[in-house]
Amino acid sequence: MAVQVGVIGAGLMGSTHVRTLSASVPDAEVAAVSDAIRGSAERIAREAGVQTVSTDALELIHDPGIEAVVIASPASTHEQFVLACLEAGKPVLCEKPLAATPEAARHVLDAEVALGRRLVQVGFMRRFDPGYVDLRTRLHRREIGTPILVYSTHRNATVPAGFGTEMIIKDTVVHDVDTVRWLLGQELVKATALRTRSTSLAAPGVRDPQVVTFETEDGTLVNVEAFVNAQYGYDIRCEIVGESGALSLPRLEPVPMGFQERFASAYARELDAWVASIAGGDPAGASAWDGYAASTVCEAAWQAVSTGQTTDIALGKKPDLYTSNPLVAHS
Ligand code: ISE
């Protein structure tokens, strides 16, 4: 029988996940959708043939008919809902960020460690993008030797109204942070923000683009550019420069216009791997530690943007629960 999945949040991401689970993940069935706005949940439920509609996420989580949960509600709700899933012993795929603050992400991490088993996967879907997977495989085959520099470029054509400078870091750069940690198998230890001129097309007071340089544990330098009013398209680039060569993510032509188009395959593979991990028990994708690390790094990056000073990043010791599936250390 297909895994009975409940989806919390019927906005852009939640609806995308309902459609993808329904159309592309044969071992899953979306059995319930909840959203604070009943009409939103009803709309996607009608489209996808979902039986149960709710406006109460906790009711969905504790529904005995629901075996696993996807959280795609606002970041401010993630801590409460993920903790409820852990309490109910249900596997949960939580959209990034894991929580609204590093402290809240730490609460989730500590709760999963106390439980003693991994139930949390965080929605860093680039880990399932074929281009990024190939890049990482070739890097770990040492095709370019030891990495020295990484350039990660993250351009949106436009963003919704109200998308401020802090969101450029915590909602956009957060992907580049997780991707680079995963590619290199390294934690990030310092953040420095560069002052750039802003595009005249940014909303008043928004400083866009943002350029943040990170240093990894072994001294690799990572340059992240996030430009969310680029107009021409949703352009994701990554180049890794090593001691004996360079590797780049394939460039898509024409440039897609949005992240749903650019990462459609990654979202489907992410959900498929998550459902398979529920049946098979092996955790897939980014863990609660990765979610905590990404939130902590982005908070430090935001401090660097706000102060103009280089900010140190201290994650503390990684719990043993996450060392059995370590970041792929660059040998
Ligand atoms: C959005 O939430 C995403 O996750 C996209 O991948 C990112 O490009 C965009 O900037 C975010 O707002």
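Counting starts at 1 for both ligands and their atoms, following the listed order. Reckoned from all heavy atoms, side chains included, excluding hydrogens, waters and symmetry mates. Note that the numbering runs from 1 along the sequence shown for the chain.
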Checklist entry - Shortest non-hydrogen contact from Leu249 to Gly131? => result CD1-C, 3.5 Å

Checklist entry - Which class fits the ring pair His175 and Phe124: parallel under 30°, tilted 30 to 60°, perpendicular over 60°? => result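 His175 vs Phe124 ring planes: perpendicular.
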
Checklist entry - Between Tyr292 and Trp289, how do the two ring planes meet: parallel, tilted or perpendicular, split at 30° and 60°? => result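 Tilted.
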
Find all protein N or O atoms under 3.5 angstrom from an N or O atom of ligand 1 and list the pairs with distances, or write 'none'.
unit_1, atom_1, unit_2, atom_2, d
ligand 1, 2 (O), Lys96, NZ, 3.0
ligand 1, 2 (O), Asp171, OD2, 3.0
ligand 1, 4 (O), Lys96, NZ, 3.1
ligand 1, 4 (O), His175, NE2, 2.8
ligand 1, 6 (O), His175, NE2, 3.2
ligand 1, 6 (O), Tyr234, OH, 3.1
ligand 1, 8 (O), His154, NE2, 2.6
ligand 1, 8 (O), Asn156, ND2, 3.2
ligand 1, 8 (O), Tyr234, OH, 2.8
ligand 1, 10 (O), Asn156, OD1, 2.6
ligand 1, 10 (O), Thr172, OG1, 2.8
ligand 1, 12 (O), Asp171, OD2, 2.7

Tabulate below the donor-acceptor pairs under 3.5 Å that side-chain atoms of residues 157-169 make, not counting sequence neighbours, or state none.
unit_1, atom_1, unit_2, atom_2, d
Thr165, OG1, Arg207, N, 3.0
Glu166, OE2, Lys170, NZ, 2.6

Checklist entry - Would you say the side-chain atoms of Thr311 and Gln303 include a donor-acceptor pair closer than 3.5 Å? => result no

Item to check | Distance-only polar pair, side chains of Asp290 and Ser287, donor-acceptor under 3.5 Å | outcome: yes

